[in-house]
Amino acid sequence: MSFASLKLIPPLLSALEAAGYEQPTPIQASAIPAVLAGRDVMACAQTGTGKTAAFLLPTLQRLETRQAPAGRGPRALVLTPTRELATQVRDAASLYAKALKHLRLGTIVGGVPYPPQQKLLMQPLDILVATPGRFLDHMERGRVDFARLEVVILDEADRMLDMGFLTDVERIMAATPPTRQTVMFSATFEGRIATLAGRLLKDPERIRIAPTEAQNAKISQHVHYVSDVTQKKAMLMALLNEGAMGQAIVFTGTKHGADRLATAIGQNGHTAAALHGDMRQGARNRTLAQFRAGTVRVLVATDVAARGIDVAAISHVFNYDLPRSAEDYVHRIGRTGRAGQSGSAVSFALRAEHGALKRIERFTGQPIPTRVLEGFPVTEVPTHGARGPAPAGRGRPRPAGDRNRAGRPGGAPGGGRSFARRSPDRDGHGPAGRSRLESVGGES
Ligand code: AMP
């Protein structure tokens, strides 16, 4: 399978060649012909699968090969959940559109001044990438003209709903021409996402790329049981000092947790910076640029801010706090193992997080192997015998047969595991430390 066999036009083929893409990924092979044919598409694909090119390439081709109506406003609208993802989609579009002469791209996101965006909306645009909140704001002030709109793409739709953008998205969609083509990408198509898709898409081609085993195979995953936050922090510092570490993202559950941890990592001699939604957009952009350039080695981020980050040198993702949803886990670990590299995803599980861990294993269909780090004896272990710490020794995974397939048939009695303390004297800080359930919302 080649990009040429998907009937992409020469300027796009030459851009792909320049970008070093040799052949389409599975999602590209399925989605490109459907979008090119003008069909509505509902595609279930995780981040890291090449989904951005899967919707941008055929959209660019349709825009290039069809007559552009006169007037102002966008011909294609891409809605993304975060500012960072919007920027990334725009950058990908300009990469693929390099050889297309008259293509105009724009971005409308929050956290930046309005006047340049007003000006942008006065012009004819080919592709506009926007986050829902700020875009709706412009719409309600009467600044958006949809007369030329041909296609709407909802990227990471599941995430948009998680972040509370459902109403905004529906209001935007209601204002678009009913003749539009609609393309929706989501990591899952269950529950509210299926309902939304049912309302917005007309006879869509459904594309589901099975959970990317090949992709996950490049990412080794394991979990450390920890008894308290002090131990968790000490283990993270020890792991950051290991030689094999390139760049790392450490995920925390809260914004102030990210700030505090970035400071602590800095005090331990690493260049570290926090990234979260309480930061001004300029500071977020600067931090990301430093991380991309490698001058910041460890990025400590909340889920929302780290969405879509694509930096090939990320060798490790740490789930310092486990994520609130299993989908977030998949998105987080997808920050490593990019562009054909391998990566490591290391999670820490406090006693209170065992339910979250179980949900993640059920969602991914893979048990996460346990590891014990030399110098950090495990004091919290699951009962019911099935899952326990690996034999002592740095980074040695427990043999597969010893793992509990929690939550699946044949798992531990009751479908789960509970924890016992090995040496209560090491657990003076209480079992769970600070809750990971503090809100991180409102970031876009
Ligand atoms: P995405 O899932 O859209 O975030 O893409 C993940 C990464 O894969 C990005 O760095 C893309 O540039 C890269 N990529 C996308 N499609 C291909 C392809 N066909 N061959 C090689 N790399 C690709």
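One-based numbering, in listed order, for ligands and for the atoms of each. The model shown is predicted, which means the values in this text are computed figures rather than measured ones.
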Could you list the atoms of ligand 1 found under 4.0 angstrom from a heavy atom of T49?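 Going through ligand 1 atom by atom, the ones under 4.0 Å from T49 are 2 (O).
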
A quick test of your reading: do over 12 heavy atoms of other residues, nucleotides or ligands sit less than 6.0 Å from NZ of K202?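 Yes, the 6.0 Å shell around NZ holds more than 12 heavy atoms from other groups.
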
Would you say R280 has more than 12 foreign heavy atoms packed within less than 6.0 Å of its CZ?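 For R280, atom CZ is not crowded (no more than 12 foreign heavy atoms under 6.0 Å).
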
Do the rings of Y21 and Y96 sit parallel, tilted or perpendicular, given the 30° and 60° boundaries?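 Answer is perpendicular, since the angle exceeds 60°.
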
My understanding is that we take every heavy atom of each candidate and find the minimum distance to atom 13 (C) of ligand 1. Doing that for Y96, F185, Y21, which one comes out nearest?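 Nearest heavy atom to atom 13 (C) of ligand 1 lies in Y21.
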
Hey, is Q23 one of the residues with a heavy atom under 4.0 angstrom from ligand 1?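 Yes, Q23 has a heavy atom closer than 4.0 Å to ligand 1.
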
So, T107 versus R90: side-chain donor-acceptor pair below 3.5 Å or not?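 Result is yes, a qualifying pair exists.
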
When you measure from the centre of the six-membered ring of Y114, is the NZ or CZ of R134 under 6.0 Å away and within 45° of the axis?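 That pair qualifies as a cation-pi contact.
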
Do any nitrogen or oxygen atoms of G50 lie less than 3.5 angstrom from nitrogen or oxygen atoms of ligand 1?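 There is such a contact, yes.
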
Using a plain distance cutoff, I'd like to know if T52 has any nitrogen or oxygen under 3.5 Å from a nitrogen or oxygen of ligand 1.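 Among all N and O atoms of T52, at least one is under 3.5 Å from an N or O of ligand 1.
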
For ligand 1, note which part of F55 has a heavy atom under 4.0 Å away: side chain, backbone, both or neither.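 For F55, there is no contact with ligand 1 at all, from either part.
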
